[in-house]
Each structure stands twice: as structure tokens, then as C-alpha cells.
Asker: 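Got a structure for you, written out below as C-alpha cells; questions coming shortly.
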Amino acid sequence: MKVVVAEDTGFCYGVKRAIDIVTERLKEKGKVYSLGPLIHNQIVIRKLEKEGLRIVDNPSQIRGDLIIRSHGLHPVLIEEVKKRNLRIIDATCPFVKMVQRRVKYLITNGYEVIIVGDPNHPEVRTLAGFARDEAIIVNNSLKFKVQSLKLGTKKVGVVSQTTINKKDYQKTVAQLYKKIEPEEFLIFDTVCQITEKRQKEVSILSRKVDAFLVLGGKESSNTRTLYEICRKRGPAFLVEASSQVKKEWFIGVKTVGILSGTSTPDWVIKEAIDTLGKMK
Ligand code: SF4
């Protein structure tokens with residue numbers, strides 16, 4: 001079976017930066033805390049835990065330096081940690097930080113803030129925090145509940161979770177405008193360019209391959225978005241490691257395309273290329 005690998009795979013710069021920062025700190029301190037998983041990839045997390053990373057749910061469990069993960073941390077939690085005089089190492093992705101600044105700008109300038117994304121995702125909850133938890137969150141499936149939106153609201157500002165499907169975001173924004181008809185409608189293009197590039201690569205790959213293998217964590221939003229886009233183009237499978245690949249998925253497949261989420265290490269991709277390359 002022939003294997004075609006997408007042009008852009010492996011860690012994005014935001015994830016790489018967070019891992020580099022934590023690795024350096026672990027060498028120095030031996031132990032660093034993260035509120036929630038540092039990134040959404042269990043393989044990488046397990047490795048970092050062996051090196052001393054401690055993942056906790058609550059600030060009261062922190063006994064040393066805290067690293068802010070790439071998705072950022074809710075401002076209320078940051079304040080809580082500061083009150084306990086703990087050291088904070090900020091590994092928030094610079095692009096996510098920029099979206100946080102946009103949200104802050106909107107709320108302080110009197111806009112009703114709408115965040116398009118998964119209301120349960122830490123990045124979205126944190127963004128809402130930067131809007132003093134007054135933002136309206138709508139999901140990107142076009143089935144959002146718009147009852148809570150005030151018709152005739154004068155100033156509305158919209159941002160998205162950084163890893164959602166760009167096309168769906170555009171559709172959602174158009175629907176929101178129709179529904180609210182605000183006097184002022186400020187939309188920020190906050191889908192991360194790296195995830196957008198990977199989403200676009202699906203259509204390029206789909207001309208060359210009969211099936212897709214997406215590598216990444218199941219909780220990773222950008223990986224799931226990529227997988228959903230692939231599924232619309234042909235048979236697609238999502239795994240975290242090549243050991244989960246099943247031979248029967250690729251019966252009759254001549255060429256398979258490999259893509260990865262932004263928190264998938266290069267060695268996982270290499271292993272998958274080897275595994276698929278050996279299949280007949
Ligand atoms: S996917 Fe984009 S926004 Fe998310 S961590 Fe990577 S570079 Fe930052």
C-alpha cells in the first residue's frame with residue numbers, strides 16, 4: 001500500500017513551545033504542575049509525567065511552579081494561584097493569547113461577546129473568562145441555541161475557538177448576523193492558520209488517496225476537526241498510535257493519506273508510515 005503524508009504534520013509551534021518550556025523547567029526543578037493536561041495527547045503527557053510533570057484539577061493541589069498550558073488558563077484560576085504565592089510559567093500559545101486580548105477588547109468596549117466553539121473545551125472556557133464570564137458560547141454545528149441572544153443588540157463581537165472548522169465558522173457567523181441584526185458586528189478571524197492549513201490539505205490529499213489515517217489524541221479539538229473533514233471525503237480512521245491501526249480497515253485501499261493533529265509527535269507519524277507501508 002502506498003502512503004502519502006500531508007505536508008504539515010507533527011507539533012505546531014504553540015505545542016512545541018509549551019513542551020520545550022516544561023522540559024526545561026523539569027530539568028531545573030524536577031517537578032512542575034499543570035492545571036489540566038498540558039496538551040491533548042496522552043502519549044506525550046505520559047512521557048512528561050515520567051519526567052516530573054504533575055497534572056492536577058485544583059489550585060489547592062499545587063505544591064510548586066505552575067505551568068499555564070497552551071490553551072491558557074481562566075483568569076479567576078490565575079488569580080487564585082497568585083494569591084497562594086506560587087510561581088507561574090506562562091506557556092499559553094501566543095496565538096491563543098492574541099484571541100484572549102481580542103475578547104478583552106470587546107468586553108471593555110461594550111460589545112456583547114460571542115465565542116463560537118465547544119463550550120466544554122478549556123480554551124473556550126478560558127476565553128469566556130477573559131470576557132468576565134459574560135460571553136455567549138455557541139457551538140459550530142449550526143444547531144446552536146440562539147434563544148439567549150438578544151435581538152437588536154447594538155454592538156456584537158465574535159471570535160472562535162482557534163481549532164474549529166473555518167468554513168463552519170464562516171457559516172455560523174452569517175447565521176448569527178441574520179439572527180441578531182446588530183448595528184455593529186465585529187468579527188475576528190481567530191481560527192489558527194496552522195489548523196486551517198491542515199484542514200485545507202485534506203482536499204489536496206483526497207485527490208491522491210482512497211482512505212485517511214488521522215493521528216492524534218481523541219480529546220484534541222484540532223485532531224477531531226481534521227478527522228471530521230476527512231470523513232466527508234472518504235473512509236477515515238483516527239488513532240493515537242500506530243499500534244491501534246487495524247489491517248482490515250485498509251482492505252482494497254491502494255493509497256492512504258496520513259495527517260496529524262498539532263500535538264502529535266513526529267515519531268508517532270514515522271511509526272504509522274512504517275506500519276502502513278508494510279501492509280499489503
Ligand atoms: S494549534 Fe494553533 S492556536 Fe493551537 S497551540 Fe497550535 S499554534 Fe497555537
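Bear in mind the structure is a predicted one, so any value in this text is a computation, not a measurement. This chain uses plain numbering: 1 for the first residue, then up along the sequence. Whatever order the structure lists them in is the order used to number ligands and atoms, beginning at 1. Heavy-atom basis, side chains included; hydrogens, waters and symmetry copies ignored.
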Asker: Under 4.0 Å between a Lys/Arg side-chain N and an Asp/Glu carboxylate O for Asp65 and Lys31?
Answerer: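 Salt bridge between Asp65 and Lys31, a charged N being under 4.0 Å from a carboxylate O: no.
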Asker: Please list, in number order, the atoms of ligand 1 under 4.0 Å from a heavy atom of Thr262.
Answerer: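 Contacts of ligand 1 toward Thr262, numbered from 1: 1 (S).
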Asker: In the protein, what heavy atom is nearest to atom 2 (Fe) of ligand 1, and what distance, to one decimal place, separates them?
Answerer: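 Answer for atom 2 (Fe) of ligand 1: Cys192 SG, 2.4 Å.
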Asker: Below 2.8 Å, any N, O or S contact between Cys93 and atom 6 (Fe) of ligand 1?
Answerer: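 Not a single backbone or side-chain N, O or S atom of Cys93 is under 2.8 Å from atom 6 (Fe) of ligand 1.
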Asker: As an exercise, identify every atom of ligand 1 less than 4.0 angstrom from a heavy atom of Tyr13.
Answerer: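 The atoms of ligand 1 under 4.0 Å from a heavy atom of Tyr13 are 7 (S).
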Asker: At a 4.0 Å threshold, what atoms of ligand 1 neighbour a non-hydrogen atom of Thr195?
Answerer: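 The atoms of ligand 1 under 4.0 Å from a heavy atom of Thr195 are 1 (S).
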Asker: Judged by modelled atom types alone, do Ser221 and Gln161 share a side-chain donor-acceptor pair under 3.5 Å?
Answerer: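 Yes, a side-chain donor-acceptor pair sits under 3.5 Å.
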Asker: Does a donor on one side chain sit under 3.5 Å from an acceptor on the other, for Thr190 and Ser160?
Answerer: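 A donor-acceptor contact under 3.5 Å links the two side chains.
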Asker: Regarding His40 and Asn222, is there a side-chain donor-to-acceptor distance under 3.5 Å anywhere?
Answerer: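 Side-chain D/A pair, His40 to Asn222: absent.
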Asker: So, 4.0 Å and heavy atoms of Asn222: is ligand 1 close enough to count as a contact?
Answerer: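 Heavy atoms of Asn222 never come under 4.0 Å of ligand 1.
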Asker: Any idea which protein heavy atom is nearest atom 6 (Fe) of ligand 1, and the distance to it?
Answerer: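 Ranked first by proximity to atom 6 (Fe) of ligand 1 is Cys12 SG, 2.3 Å.
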Asker: Are Thr162 and Glu123 linked by a side-chain donor-acceptor pair shorter than 3.5 Å?
Answerer: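 Yes.
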Asker: Can you list the ligand 1 atoms lying under 4.0 Å from a non-hydrogen atom of Thr162?
Answerer: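 Checking each atom against Thr162, I get 3 (S).
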Asker: Are Leu35 and Ile89 linked, directly or through other ILVMFWY residues, by side chains that come within less than 4.5 angstrom of each other?
Answerer: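 Hydrophobic grouping puts Leu35 apart from Ile89.
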